[in-house]
Amino acid sequence: MPELAELKLTSDFVNGVVKDKVFTHISKNPEHKWMDVDFESPFTIESFSRGKEIKLVLESTETDKTDNLMMTMGMGGHFQWASRGESIKHTHLFFHCNDGGHLAFVDVRRFGKWKWGDWNKDRGPDPTTEYFLFCNNILQNLHKTAFDKPIYEVLMNQRYFNGIGNYLRAEILIRIPDENPFQSAREFINKRKWELFELCKDIPILVYEIGGGTLKDWKNPFGEVSSVRDFMKCYGNPAMEKLEDRGGRMFWYDPKWKN
DNA sequence: TGTTTATGCCGAC
DNA sequence: TCGGCCTAAACAC
């Protein structure tokens, strides 16, 4: 998906467009097989992101009812605003506004999902907004077998690295150039924990500040914000080596570690 | 025209 | 751990 930085931008975008707006109901595109959702009218929306989850807080303007619609974005989910009469292809959730427009959850591949609840307890703290908890969650669990695996695989484990995805793991590991990304996560972390943890915080923040990664299925909802585009040193770079990991994802890495 | 590829996750073995 | 879920853009021929 969109990874941590893109989720944060998506959440900002939602907050920008729903500000001072009142909604009447939610409907779902029947093409999408996932659950229907609705909420008592009239209501307001506020968005938060944590790692690769988005929380939409819906609040009745007339009663004290409130509920959280928890969403994941899959590979390309995002939000757009549609004015009265406008319809956007591949919209799967419509948050209908009393001005006739709607907030559209657009998701071509339909990998995005939603449900009522709260932050998924199987996902770890957000490295950018809960940095101390993020570090602690790893250090307290470092003895577990999950950390026997190579660091390049463990960086994709959302229980510990919530928000890190396929491009971020490549961009993080390439920035610790003298450590082999194929060694065990435990060994790697024991040696270079603070550099690793800080990169897990700082790279997503950098990408957020420059307006998101340049990704095939994802466009910055605000349009281009920055001309800084060279943070991507590794992912997708033909000068780098790549291999398919056990999850069927391409891992991009420095050719010097090819065995 | 056909094939490969894509930022992710879930559930059936 | 592995296939399945989906569409469309970018390739290959």
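Each chain gets a letter, A, B and so on, in the order the sequences are listed, and its residues count up from 1. Computed over heavy atoms, backbone and side chain alike; hydrogens, waters and symmetry mates excluded.
Using atom P as the reference point in both B:dT4 and C:dG3, the two lie 16 Å apart (nearest Å). Separation of the P atoms belonging to C:dG4 and B:dC13 is 12 Å when rounded to the nearest angstrom. Annotation: B:dC9 and C:dA8 have their P atoms spaced 22 Å apart (nearest Å).
For an aromatic pair to be called close, the ring centres must be under 6.0 Å apart, and A:Phe147 with A:Tyr160 satisfies this. In this structure, A:His32 has its ring center closer than 6.0 angstrom to the ring center of A:Trp114. The aromatic ring centres of A:His102 and A:Phe95 sit 6.0 Å or more apart.
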For residues 250-259 of chain A, tabulate all N or O donor-acceptor pairs below 3.5 Å that involve a side-chain atom, not counting sequence neighbours.
from, atom 1, to, atom 2, distance (Å)
A:Asp254, OD1, A:Lys256, N, 2.9
A:Lys256, NZ, A:Pro177, O, 2.9
A:Lys258, NZ, A:Glu241, OE2, 3.4

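In this structure, the nucleotide among B:dA6, C:dT1, B:dG8 sitting nearest to the side chain of A:Arg249 is B:dG8. If you check C:dA8, B:dG8, B:dC9 against the side chain of A:His90, the one that comes closest is C:dA8.
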N/O to N/O distances under 3.5 Å, protein versus nucleotides 4-6 of chain C:
from, atom 1, to, atom 2, distance (Å)
C:dC6, OP1, A:Lys33, NZ, 2.4
C:dC6, O3', A:Arg110, NH2, 3.4
C:dC6, O2, A:Arg109, NE, 2.6
C:dC6, N3, A:Arg109, NH2, 3.1

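Using a 4.0 Å cut-off, no side-chain N or O of A:Lys115 falls inside it from OP1 or OP2 of B:dC9. Put simply, A:Lys89 has no side-chain N or O that comes within less than 4.0 Å of OP1 or OP2 on C:dT7. Between A:Arg123 and B:dC9 there is a side-chain polar atom (N or O) within less than 4.0 angstrom of OP1 or OP2.
Residues passing the ring-ring contact (aromatic ring centres under 6.0 Å, His included) test with A:Phe13 are A:Phe222, sequence neighbours excluded.
At a cut-off of 3.5 Å, with distance as the only test, no side-chain donor of A:Glu59 or A:Thr66 sits close to an acceptor on the other residue.
Taking atom CG on A:Asn157 and atom P on B:dC9, their separation rounds to 11 Å, with Å as the unit. Summarising the geometry, the separation between CZ on A:Arg246 and C1' on B:dG8 is reported as 18 Å, rounded to the nearest angstrom.
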